[in-house]
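Remarks on the structure that follows.
Protein chains get the first letters and strands the later ones, always in sequence-line order, with residue 1 at the start of each.
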2 protein chains.
Amino acid sequence: MQPDPLSSTFAALADPTRRAILARLALGETSVMELAKPFDMSLPAISKHLKVLEHAGLISRGREAQWRPCRIAPVAFREVDGWLGNFRRFWDESFNRLDGLLEEMKAEEAAKVTAKASPRKKSKVRVTKEKQRGRTRG
Amino acid sequence: MQPDPLSSTFAALADPTRRAILARLALGETSVMELAKPFDMSLPAISKHLKVLEHAGLISRGREAQWRPCRIAPVAFREVDGWLGNFRRFWDESFNRLDGLLEEMKAEEAAKVTAKASPRKKSKVRVTKEKQRGRTRG
DNA sequence: TCCGTATTTTCCGTATCGGTTAAATAACCT
DNA sequence: AGGTTATTTAACCGATACGGAAAATACGGA
């Protein structure tokens with residue numbers, strides 16, 4: 001059984017120890033020993049957590065002698081953010097304001113084009129609500 | 001056994017069925033039966049998924065006769081986004097550009113302030129830092 | 001009141017998770 | 001080679017997660 005990437009990523013994030021590890025890594029690349037220090041937990045436990053994080057695409061690991069330095073990997077974070085974007089309108093005020101602005105601009109542009117094609121004026125906001133779902137920003 | 005809210009939320013999101021339910025709810029409030037339809041799964045199973053989502057703060061439920069309409073709840077989403085914000089710089093290009101701009105503005109402001117030798121007014125630019133979550137991205 | 005629809009609860013089997021200890025592997029240093 | 005340090009694997013254990021089936025609950029209506 002192999003869960004989809006997004007599920008593995010969310011599952012990986014659903015553990016405070018792992019999130020703490022990521023927080024530490026946000027400060028910069030470091031070793032397993034170093035990462036383990038703050039926790040009252042065996043080294044193998046940490047090792048497993050790192051494996052989970054790596055498999056989830058949240059970190060990547062290099063090799064330097066006997067150390068395997070860990071660092072944040074962008075991929076999974078980006079995916080999570082992308083997924084979350086589908087729901088942003090439910091809580092982000094400025095998102096809504098901005099979205100309104102974009103729609104306005106779009107409508108204006110459309111008005112210009114149709115004005116050139118045929119001198120008939122169009123009502124402004126029509127494209128709005130459904131459009132925002134698939135948006136990736138930009 | 002009371003995991004922190006963020007852990008419950010991520011755990012709730014780590015299931016494709018539950019994410020599909022949320023996607024459906026993004027289209028609008030609806031009943032359990034309605035939500036269950038697309039899935040090859042028993043009704044009790046869906047009911048349990050909804051319980052998890054509710055407990056995670058991702059949905060809320062009303063009462064209308066024998067129906068319990070579900071809808072997206074902003075709280076948990078906001079928390080997730082907030083947490084994710086700590087890592088945004090690792091993958092969001094425009095975030096970095098904007099961040100640079102803010103630093104610049106901050107420096108400029110600081111310069112002005114010290115020129116006037118007025119030690120007050122500390123956080124003018126600080127607020128903007130929070131604002132950028134709704135940013136345009138280009 | 002009894003009926004039908006909507007939803008939840010209870011109980012159960014199986015799988016996975018997060019942790020432990022002990023042993024294994026890997027790479028450096030004499 | 002032998003020793004030290006860093007990290008992983010293996011075997012095991014208790015707790016929890018996900019699914020199903022059957023029964024319980026909640027509500028509206030004839």
Could you tell me whether A:Arg63 contacts a base, only the sugar-phosphate backbone, or nothing, with contacts defined as non-hydrogen atoms closer than 4.0 Å? nothing

Could you please spell out the steps behind the side-chain contact (heavy atoms from CB on, under 4.5 Å) verdict for B:Glu34 and B:Glu29? CA-CA 10 Å; B:Glu34 192 61 31; B:Glu29 180 168 328; over 6 Å; no

Please report, rounded to the nearest Å, how far the P atom of D:dG28 is from the CH2 atom of B:Trp67. 9 Å

Could you tell me if the ring centre of B:Phe87 sits under 6.0 Å from that of B:Trp91? no

Expressed as a whole number of angstroms, how long is the span from A:Ile46:CD1 to C:dG19:P? 8 Å

Rounded interatomic separation in angstrom, taking CG from A:Leu50 and P from C:dG19: 12 Å

Is the shortest side-chain heavy-atom distance between B:Thr30 and B:Pro69 below 4.5 Å? no

Using distance alone, with no hydrogens and no angle criterion, decide if A:Arg68 and A:Ser31 have a side-chain donor and acceptor under 3.5 Å apart. no

I'd like a list of close polar pairs between nucleotides 9-13 of chain C and the protein, N/O only, cut-off under 3.5 Å.
unit_1 : atom_1 : unit_2  : atom_2 : d
C:dT9  : OP2    : B:Lys51 : NZ     : 3.2

Can you find a pair of side-chain heavy atoms, one from B:Ile46 and one from B:Met41, that are under 4.5 Å apart? yes

For the pair made of CG in B:Asp15 and P in D:dT16, what is the distance, rounded to whole Å? 19 Å

Choosing from C:dG18, C:dT20, C:dT8, which nucleotide comes nearest the side chain of B:Arg68? C:dT8

So what's C:dA22 paired with, Watson-Crick or G-U wobble, going by both distances under 3.5 Å? D:dT9

Euclidean distance, atom CZ of residue B:Phe10 to atom C1' of C:dC17 [Å, nearest integer]: 18 Å

If you compare every side-chain N and O of A:Ser42 against the phosphate oxygens of C:dG19 (OP1, OP2), does one of them come in below 4.0 Å? no

I need the CD1-C1' distance between A:Ile21 and D:dT7, as an integer number of Å. 14 Å

Find the distance B:Leu13:CG to D:dA17:C1' and express it as a whole number of Å. 15 Å

Nearest to the side chain of A:His49, heavy atoms from C-beta on, is which of C:dG19, C:dT5, C:dG18? C:dG19

Heavy atoms only, 4.0 Å cut-off, all strands: where does B:Leu43 land among base, sugar-phosphate and nothing? base

Measuring only between side-chain heavy atoms, which start at C-beta, is A:Leu13 closer than 4.5 Å to A:Arg18? no

I need the CZ-P distance between B:Arg61 and C:dA6, as an integer number of Å. 16 Å

Return the residues of residues 27-39 of chain A meeting this criterion: a heavy atom under 4.0 Å from some atom of DNA chain D. Order them by number, or give none. A:Ser31, A:Val32, A:Met33

Indicate the ring-plane relationship of B:Trp83 and A:Phe77, choosing parallel, tilted or perpendicular according to the 30° and 60° boundaries. parallel

Answer yes or no: is there a side-chain heavy-atom contact under 4.5 Å between A:Phe90 and B:Arg78? no

Please round to the nearest 0.5 Å and tell me the distance separating atom CG of A:Leu25 and atom CD1 of A:Ile72. 5.0 Å

Note: for A:Gln66 and A:Met41 on DNA chain C, the residue whose nearest nucleotide lies more 5' is A:Met41

So CG of B:Leu58 and CD of B:Glu79: to nearest 0.5 Å the spacing works out to 9.5 Å

